[in-house]
There are 2 protein chains.
Amino acid sequence: MQVVTTIQELKSIIKNIKQHGKTIGLVPTMGYLHEGHLTLASTSKSENDFTVMSIFVNPTQFGPNEDFESYPRDLERDTKLAESVGVDVIFAPSVEEMYPTNGGIVIRAGRQSEILCGASRPGHFDGVLQVVTKLFHLAEPTRAYFGQKDAQQVAIIQTLVRDFNFPLEIRTVPIVREEDGLAKSSRNVYLSEEDRRQAPAIYEALQIAKEHFLSSANVEESIQLAENHINEKTSGKIDYLQLLSYPDLAEIKNDTEQFLIAAAVYIGKTRLIDNIIFLK
Amino acid sequence: MQVVTTIQELKSIIKNIKQHGKTIGLVPTMGYLHEGHLTLASTSKSENDFTVMSIFVNPTQFGPNEDFESYPRDLERDTKLAESVGVDVIFAPSVEEMYPTNGGIVIRAGRQSEILCGASRPGHFDGVLQVVTKLFHLAEPTRAYFGQKDAQQVAIIQTLVRDFNFPLEIRTVPIVREEDGLAKSSRNVYLSEEDRRQAPAIYEALQIAKEHFLSSANVEESIQLAENHINEKTSGKIDYLQLLSYPDLAEIKNDTEQFLIAAAVYIGKTRLIDNIIFLK
């Protein structure tokens, strides 16, 4: 496995791979890998000839008061983990390597970005679209892999790929959870022992909402039950808890086929997100 | 030469060409071809194994009071002309084929778009960036060809390609002119006989400004002389006449190396643009 830090090195590897007509899987990550990322990588490995994992904590998707500086980083550990699942190249550029120039062109996410995480993180999805566009152009993947944990991100990136005709396929992989149901996240490292004890209540709440909605079709009641559960079981603060249609992220109507119940909750100082996507 | 109207047909051709490791030149046009377009196509032909010309009057780059509906179209004539210079495929999609969906994501041009044509055509360059991004992803060119006549467009597209790492090279081709100096344009067909008689004064004015600037380094005087010439020789209305640094399109400073003198003038009802790019 190679670890490259410059665009020039990556492009030269990609050019060579493309010349041999091989398929490329791209796994964009911010590093501090957990089992969720490794599942993305091994899925890519099984579906493509060559797997590129990018490890880049992208500053443009963090707000001024968010955790860009403190976001956990450990490239040495990540390298070993990525190698263990057969990643072929890690692309780990510096911020200067990724953003040497700024001519002021921005990609603005649309209505799908105005709710859920977008409401409390203005500009977050614009930054995501900027970095994935760059990564797609640099790695020229046949397929790119994203975790369903970032359901809103996946929906918005799918819209980008569809509306701007990127020549690649977006593949999503289900959420990987701890034994007690907590969704794996690089940010779980921030949790105190007590936070960690409370955190599984988020997924429990989502399941409660889903079950109630399936039997009652009542959005408000389902949300209320989930909120009650979080308020009972944690000292956390709910950022959002919403039941929407998926992937358009709009209000549920009679003809909605796929549903998203999603939550963001501050457990202590750590903002955790989780979701369930389900059919009627 | 093939003429295709669907994305599916184009993608299947491109896939085949790519599999054979051939280089692709893309010539994006709005059709109603003139010698300028044909020079772009023959330059592409000489530099690439395979040349794709797109012919698409892109509605998203026209303002509500502009000439989208009346923009001249003649696909049959264009097809013959393109074939005569060796274009391999014409991609001539419908508006519905290009824009079947709209998830609200937009690419916003930056500060380079706030002046010149951007000032009088708000949103124009956003529409240009939208359509070229789609065309770049559909045709996957090695090189894409644009006329220097649209100097601001070229500068903005070069910024897009640089800042978002599109895996392709932008090539520009000098302005092709009529014998009396008028820049070739599909919109010249709108000119009445009297308009046509007056129109060469635009290029004359640009030359006057350039010569005066080279001898005096005085921006204001140079612009004034050019404006005087247009006002004397035409009954037209100047939209803009500006001398800027190129390609950043900013105010001229002591260290500016490349200059753009650019004008847009209404001759009758027809808005004509022209420019000269020059060194000190």
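Computed from a prediction, not measured in an experiment: that's the story for all the values here. Chain naming here is simple, since letters A, B, ... match the order of the sequence lines and numbering starts at 1 in each.
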Give each N or O donor-acceptor pair spanning chain B and chain A at a distance under 3.5 Å, with atom names and distance to 0.1 Å, or state none.
{"from": "B:T101", "atom 1": "OG1", "to": "A:R162", "atom 2": "NE", "distance (Å)": "3.2"}
{"from": "B:T101", "atom 1": "OG1", "to": "A:D163", "atom 2": "OD1", "distance (Å)": "2.5"}
{"from": "B:N102", "atom 1": "O", "to": "A:R111", "atom 2": "NH2", "distance (Å)": "3.1"}
{"from": "B:G103", "atom 1": "N", "to": "A:D163", "atom 2": "OD2", "distance (Å)": "2.6"}
{"from": "B:V106", "atom 1": "N", "to": "A:R108", "atom 2": "O", "distance (Å)": "3.0"}
{"from": "B:V106", "atom 1": "O", "to": "A:R108", "atom 2": "N", "distance (Å)": "2.7"}
{"from": "B:R108", "atom 1": "N", "to": "A:V106", "atom 2": "O", "distance (Å)": "2.7"}
{"from": "B:R108", "atom 1": "O", "to": "A:V106", "atom 2": "N", "distance (Å)": "3.0"}
{"from": "B:R111", "atom 1": "NH2", "to": "A:N102", "atom 2": "O", "distance (Å)": "3.0"}
{"from": "B:K134", "atom 1": "NZ", "to": "A:D163", "atom 2": "O", "distance (Å)": "2.8"}
{"from": "B:K134", "atom 1": "NZ", "to": "A:N165", "atom 2": "OD1", "distance (Å)": "2.8"}
{"from": "B:H137", "atom 1": "ND1", "to": "A:F164", "atom 2": "O", "distance (Å)": "2.7"}
{"from": "B:H137", "atom 1": "NE2", "to": "A:H137", "atom 2": "NE2", "distance (Å)": "2.8"}
{"from": "B:R162", "atom 1": "NE", "to": "A:T101", "atom 2": "OG1", "distance (Å)": "3.2"}
{"from": "B:D163", "atom 1": "O", "to": "A:K134", "atom 2": "NZ", "distance (Å)": "2.9"}
{"from": "B:D163", "atom 1": "OD1", "to": "A:T101", "atom 2": "OG1", "distance (Å)": "2.5"}
{"from": "B:D163", "atom 1": "OD2", "to": "A:G103", "atom 2": "N", "distance (Å)": "2.6"}
{"from": "B:F164", "atom 1": "O", "to": "A:H137", "atom 2": "ND1", "distance (Å)": "2.6"}
{"from": "B:N165", "atom 1": "OD1", "to": "A:K134", "atom 2": "NZ", "distance (Å)": "2.8"}

Going by the rule ring-ring contact (aromatic ring centres under 6.0 Å, His included), which residues pair with A:F146 if we only count those two or more places apart in sequence or in a different chain? none

Between A:I7 and chain B, with a heavy-atom cut-off of 4.5 Å, which part of the residue counts as in contact: side chain, backbone, both or neither? side chain

Please determine, among B:I107, B:I156, B:V106, B:L138, the option with the most heavy-atom pairs under 4.5 Å with chain A. B:V106

What part of A:L129 gets within 4.5 angstrom of chain B, counting heavy atoms only: side chain, backbone, both, or neither? side chain

